Amino acid sequence: MLLPIHEALRAALRSAITRLYGIDGDAMPSIAVQMPPNRGMGDLAVPVAFELARIARKAPRQIAQELADDLGPVDGVAAVEPAPNGYVNVFLDRVAFLTGRAGVADPEPAADPNGPKTIVEHTAINPNKAAHIGHLRNAVLGDTLGRLLRFQGRRVEIQNYIDDTGVQVADMVVAFRELESMTPADIEARAAQPDFDYYCWDVYAKVTEWYEADPARLALRAQALHALEAGGNEMADTAAVIAERIVRRHLATMARLHIGYDLLTWEGDILRLKFWSRAFDILRDAGVMTRPETGKLAGCWVMPIEDAAAEDGENASGDADEPREKVIVRSDGTVTYVGKDIAYQFWKFGLLGTDFHYRRFVETSDPPLWATSSTPSEGAPPSFGQADAVYNVIDTRQAYLQDLLAQALQAMGHTSQAERSVHFSYEMVTLSHGAARALGFTEIDTTRPFVEVSGRKGLGVKADDLLDRLADAAGHEVVKRNPDLTTDESSQIARVIATAAVRYFMIKYSRGKVIVFDIDEALSFEGESGPYLQYAVVRAANIFRKLHERTGLDEAAVVASLASLPGDALARGEGDDLWGLVLEAARLDEVVDQALRGLEPSVLAKYAFGLAQAFNAFYHRAPILKEEQVDLQRWRAAAALYFKTQMTRTLTVMGCDVPSRM
RNA sequence: GCGCCCGUAGCUCAGCUGGACAGAGCAUCGGCCUUCUAAGCCGAGGGUCCCAGGUUCGAGUCCUGGCGGGCGCGCCA
């Protein structure tokens with residue numbers, strides 16, 4: 001854990017800079033702490049002398065020398081040396097560091113139950129069909145973001161928005177009645193089947209084609225949509241059955257990936273509890289929303305928007321200087337999606353002045369899963385909403401709409417909330433031509449670089465299918481290597497591996513990169529993959545298992561023996577290799593910090609891979625069991641132990657477990 | 001038309017608030033299992049960091065202008 005050392009070093013450097021050059025306050029340059037290219041040069045490096053060179057009118061080299069001489073003792077630091085080119089290089093106290101940390105769990109700080117709360121909303125899959133790989137990217141990114149925040153001790157509430165009254169569910173109601181000729185009782189019976197989400201996947205594709213064959217049929221969709229929004233009718237009841245059942249299927253799929261939620265927010269409750277009318281009053285009374293008397297938007301309630309991208313393409317040249325407006329309430333009095341979202345966003349920040357009712361959605365889960373409700377709460381729900389910061393995990397195509405949410409907050413004068421209303425965006429998952437072909441789709445436009453996933457067309461890789469294939473492949477490998485395992489054991493391990501494979505695949509790309517999904521690549525357990533990371537930890541664990549079997553020495557005994565050992569194995573020069581692994585393992589807190597500053601979970605994934613690589617190299621170079629020199633053996637074991645602890649924590653932040661064997 | 005994102009090795013991608021040598025995985029080729037599990041390790045080849053200017057002691061990284069690709073811009077969600 002390096003951040004405390006970084007801070008101590010910065011503080012010491014700042015006072016040295018003030019002493020030596022009289023620089024203070026705003027004139028103080030920010031002090032970056034980096035890592036030198038190799039351990040021989042040092043463990044930390046500070047390039048601040050380059051910047052000071054201008055102010056102090058001295059050569060960087062000389063400044064670095066003066067800083068190193070003047071610095072004084074810093075906790076955990078053994079030596080400070082100026083580099084010929086001007087860096088200040090810092091060497092940590094290796095023996096003290098490893099002795100103090102091997103075998104120590106370094107537990108994450110517990111969140112202050114009264115501290116500021118961060119809401120992360122993710123997943124939000126339309127409850128009308130099975131989840132696919134595009135949804136997986138959303139859920140894995142969102143879940144990992146939540147874990148990163150919790151690692152830093154932040155109080156986090158995970159919400160999953162359920163659009164149970166939208167077009168997609170309405171389409172299913174239409175499809176079941178018109179195409180499948182099913183009664184409400186038929187639908188209820190079918191929905192009880194475990195494969196209901198897969199069944200809906202196909203029916204949804206069918207109804208899309210059915211609409212296309214005769215656009216007049218879209219009137220039925222509009223009719224169903226109105227019935228859903230109104231509620232209290234047969235179609236709405238049917239929709240509720242479909243949505244609830246599909247949501248439970250989605251929860252099961254996500255549970256396979258260790259993804260869970262604190263609250264399911266149902267759009268139907270937002271409608272029934274009239275959240276929108278509250279938001280409407282607030283926006284209208286503040287004059288943020290107005291109603292033009294003339295023009296093409298006459299009779300609508302509109303909000304001015306700042307984004308030039310909103311301009312209608314057809315008249316772009318005509319009235320470019322006109323203020324742009326977004327329709328929030330249509331001239332027929334119905335509210336748009338944006339309006340409902342504004343109301344929801346206001347509620348998240350505790351700015352709506354009203355609240356949901358709540359019910360337990362899953363009785364047995366831990367932590368408990370709650371859902372919003374329109375009828376008075378049962379049990380004793382915790383306080384939801386009231387957030388200090390909100391992250392909405394939604395793909396980049398919604399950037400414009402998400403920007404409107406912050407604008408609405410800003411327009412109401414909620415400046416700090418607007419700043420903390422973050423669209424955590426990411427690019428979409430698409431299919432390679434080969435993957436689309438493998439799914440049986442023949443009409444592929446090969447002039448385009450990839451094929452877009454489409455739930456409407458039924459074109460996409462289902463999440464459960466991907467997990468099943470990965471678990472099959474992993475199970476095969478596990479059995480090959482561990483023939484003594486029972487079927488239960490090997491399939492349990494296979495599931496753990498499959499989860500890591502999917503999760504790692506979904507966060508290893510930076511958010512802004514389009515993922516072109518290729519099945520062979522996703523099924524690979526070699527190289528930069530989740531299983532590679534797990535394998536490294538399993539190897540480390542095996543060392544300790546065998547060490548205990550052969551010598552009776554356990555982890556605690558190794559740790560206890562360190563204090564009385566000579567530290568030569570860690571000495572500068574010959575110990576650089578061993579120390580390099582320890583230092584890399586120590587970076588986790590710094591890496592988490594970096595991942596959050598950049599809102600970029602892939603930073604954590606890359607670090608995890610590099611750490612596993614470092615251990616695997618160490619594993620081959622530095623044997624432990626057969627090392628006869630006791631001090632060397634123990635220090636190596638201590639390094640392996642620290643690696644095992646840190647890598648396990650890293651995997652936990654990524655939502656992955658470590659298998660008992662592989 | 002306007003806005004956002006992407007452009008680094010054959011392919012897929014890293015490169016932290018500008019800073020020590022442009023790296024990894026896959027693929028190709030060559031080594032390493034009577035050894036703590038080869039889901040691994042070691043080595044080799046492979047790059048005008050899209051182009052052109054600019055800022056800077058220093059630019060893959062920042063600015064401007066292009067080029068190529070993707071996505072947005074609705075009284076849909």
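Keep in mind that what you see is a predicted model, and the values were worked out from it rather than measured. Hydrogens, waters and symmetry mates play no part in the numbers below; they use all other heavy atoms, side chains included.
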Open item on the list: What is the distance, to the nearest angstrom, from the NZ atom on A:K606 to the C1' atom on B:rU8?
Closed with: 13 Å

TODO: Verify whether the ring centers belonging to A:F525 and A:Y532 lie closer than 6.0 Å.
DONE: no

Open item on the list: Students often get this wrong, so: under 4.0 angstrom with heavy atoms, is A:F544 touching a base, only sugar-phosphate, or nothing?
Closed with: nothing

Open item on the list: So, does A:R636 get its side chain near the phosphate of B:rC36, meaning an N or O under 4.0 Å from OP1 or OP2?
Closed with: no

Open item on the list: At less than 4.0 Å, is any side-chain N or O atom of A:R54 found next to OP1 or OP2 of B:rU56? Yes or no.
Closed with: no

Open item on the list: With a 4.0 Å cutoff (strictly under), does any side-chain N or O of A:K513 reach OP1 or OP2 of B:rA14?
Closed with: yes

TODO: Rounded off to whole Å, could you give me the CD1-to-C1' distance for the A:I493 and B:rU37 pair?
DONE: 13 Å

Open item on the list: Counting the atoms with a prime plus P, OP1 and OP2 as sugar-phosphate, which does A:A45 contact under 4.0 Å by heavy atoms, base, sugar-phosphate, or nothing?
Closed with: base

- [ ] Scan A:G512 against the nucleic acid and name what it touches under 4.0 Å (heavy atoms): base, sugar-phosphate only, or nothing.
- [x] sugar-phosphate

- [ ] State whether A:Y337 places a side-chain N or O below 4.0 Å from either non-bridging phosphate oxygen (OP1 or OP2) of B:rA77.
- [x] no

Task: Separation between the C1' atoms of B:rG7 and B:rG60, rounded to whole Å - done: 12 Å

Open item on the list: Taking the C1' atom in each of B:rG74 and B:rU8, what is the distance between them to the nearest angstrom?
Closed with: 39 Å

- [ ] Assign each of A:K480 and A:D163 to its nearest nucleotide of RNA chain B by heavy atoms, then name whichever residue's nucleotide is nearer the 5' end.
- [x] A:K480

Task: N or O in side chain of A:K546 less than 4.0 angstrom from B:rU37 OP1/OP2 - done: yes

Open item on the list: Quick check: on RNA chain B, is the nucleotide nearest A:V327 upstream (toward 5') of the one nearest A:R621, or the reverse? Name the residue that is more 5'.
Closed with: A:R621

Open item on the list: Please determine whether a side-chain nitrogen of the Lys or Arg among A:E627 and A:R636 lies less than 4.0 Å from a carboxylate oxygen of the Asp or Glu.
Closed with: yes

Open item on the list: Using a 4.0 Å heavy-atom cut-off, does A:R550 contact any base of the nucleic acid, only the sugar-phosphate backbone, or nothing at all?
Closed with: sugar-phosphate

TODO: Compare the minimum distances between each of B:rU37, B:rA77, B:rG70 and the side chain of A:P449, then state the nucleotide with the smallest one.
DONE: B:rG70

Open item on the list: Taking B:rC51 as the reference, what is the distance to B:rU28 when you measure between their C1' atoms (whole Å, please)?
Closed with: 31 Å

Open item on the list: If the cut-off is 4.0 Å, is A:R330 near the phosphate of B:rA77, judged by side-chain N/O to OP1 or OP2?
Closed with: yes

Open item on the list: Students often get this wrong, so: under 4.0 angstrom with heavy atoms, is A:L547 touching a base, only sugar-phosphate, or nothing?
Closed with: nothing

Task: Separation of B:rC42 P from A:N616 CG (nearest whole Å) - done: 9 Å

Task: B:rC71 phosphate, OP1 or OP2, under 4.0 Å from A:R448 side-chain N/O - done: yes

TODO: Please state the P separation for the pair B:rC41 and B:rA27 - nearest whole angstrom.
DONE: 13 Å

- [ ] Just call it for A:A617: base, sugar-phosphate, or nothing, with non-hydrogen atoms closer than 4.0 Å on any strand.
- [x] sugar-phosphate

- [ ] For A:M428, report the nucleic acid contact type (base, sugar-phosphate, nothing); a contact means any heavy atom under 4.0 Å.
- [x] sugar-phosphate

Open item on the list: With a 6.0 Å cut-off (strictly less than), is the heavy-atom count around CZ of A:R469, excluding the residue itself, greater than 12?
Closed with: no

Open item on the list: Is the terminal nitrogen or CZ of A:R511 (NZ for Lys, CZ for Arg) located under 6.0 angstrom from the six-membered ring centre of A:Y426 and within 45° of that ring's axis?
Closed with: no

Open item on the list: Looking at A:E590 and A:R597, is any side-chain nitrogen of the basic one under 4.0 Å from a carboxylate oxygen of the acidic one?
Closed with: no

Open item on the list: Between P on B:rC2 and OH on A:Y400, what's the gap in Å once rounded to a whole number?
Closed with: 18 Å

Open item on the list: So A:K626, base contact, sugar-phosphate only, or nothing? Heavy-atom distance under 4.0 Å.
Closed with: base

Task: Sugar-phosphate only, base, or nothing, as touched by A:R397 at under 4.0 Å among non-hydrogen atoms - done: sugar-phosphate

Task: N/O (side chain, A:N542) to phosphate O (OP1/OP2, B:rU37) under 4.0 Å - done: yes

Task: Integer angstrom distance from the P of B:rC62 to that of B:rG18 - done: 8 Å

Open item on the list: Is the phosphate of B:rC41 approached by A:Y532 (side-chain N or O, under 4.0 Å from OP1 or OP2)?
Closed with: yes

- [ ] Pull up the glycosidic torsion of B:rC63 and say syn or anti, syn being anything within 90° of 0.
- [x] anti

- [ ] With heavy atoms under 4.0 Å as the rule, sort A:V538 into base, sugar-phosphate or nothing.
- [x] base

TODO: Classify the side chain of A:T336 versus the base of B:rC75 as yes if they form a donor-acceptor pair under 3.5 Å and no if they do not.
DONE: no

- [ ] Nearest whole angstrom, please: distance from the P of B:rU37 to the CG of A:L485.
- [x] 14 Å

Task: Within-4.5 Å side-chain heavy-atom neighbours: A:L588 and A:M1 - done: yes

Open item on the list: Using a heavy-atom cut-off of 4.0 Å across all strands, would you classify A:Q613 as base, sugar-phosphate, or nothing?
Closed with: sugar-phosphate

Open item on the list: Can you tell me if A:E549 has over 12 outside heavy atoms packed within less than 6.0 Å of its CD?
Closed with: yes

Task: Selected nucleotide, minimal atom distance to A:Q398 side chain, candidates B:rA77, B:rA39, B:rC16 - done: B:rA77

- [ ] Among the candidates B:rU37, B:rA77, B:rC57, find the nucleotide nearest to the side-chain atoms of A:F50.
- [x] B:rC57

TODO: Answer with base, sugar-phosphate or nothing: what part of the nucleic acid does A:T396 contact at a heavy-atom distance below 4.0 Å?
DONE: nothing

Open item on the list: Between B:rC36 and B:rG69, how many Å separate the two C1' atoms, rounded to a whole number?
Closed with: 49 Å

- [ ] Calculate the interatomic distance between A:D520 atom CG and B:rC11 atom P; express it in whole Å.
- [x] 18 Å

Open item on the list: Distance check, C1' atoms only: B:rG1 and B:rG46, in whole angstrom units.
Closed with: 43 Å

Open item on the list: By the 4.0 Å heavy-atom rule, please label A:E526 as base, sugar-phosphate, or nothing.
Closed with: sugar-phosphate

- [ ] Please tell me if the side chains of A:Y204 and A:N126 come closer than 4.5 Å, counting only heavy atoms from C-beta onward.
- [x] no

Task: Carboxylate-amine/guanidinium contact A:E427 A:R137, below 4.0 Å - done: no

Task: Rounded distance in Å - CG (A:D341) to P (B:rC76) - done: 16 Å

TODO: Have a look at A:D395 and say if it touches a base, only the backbone sugar-phosphate, or nothing, with a 4.0 Å heavy-atom cut-off.
DONE: nothing

Task: Integer-rounded Å distance: B:rA24 P and A:L533 CG - done: 17 Å

Task: P gap between B:rU55 and B:rC71, integer Å - done: 37 Å

TODO: Answer yes or no: side-chain N or O of A:N89 and base N or O of B:rA20 forming a donor-acceptor pair under 3.5 Å.
DONE: yes

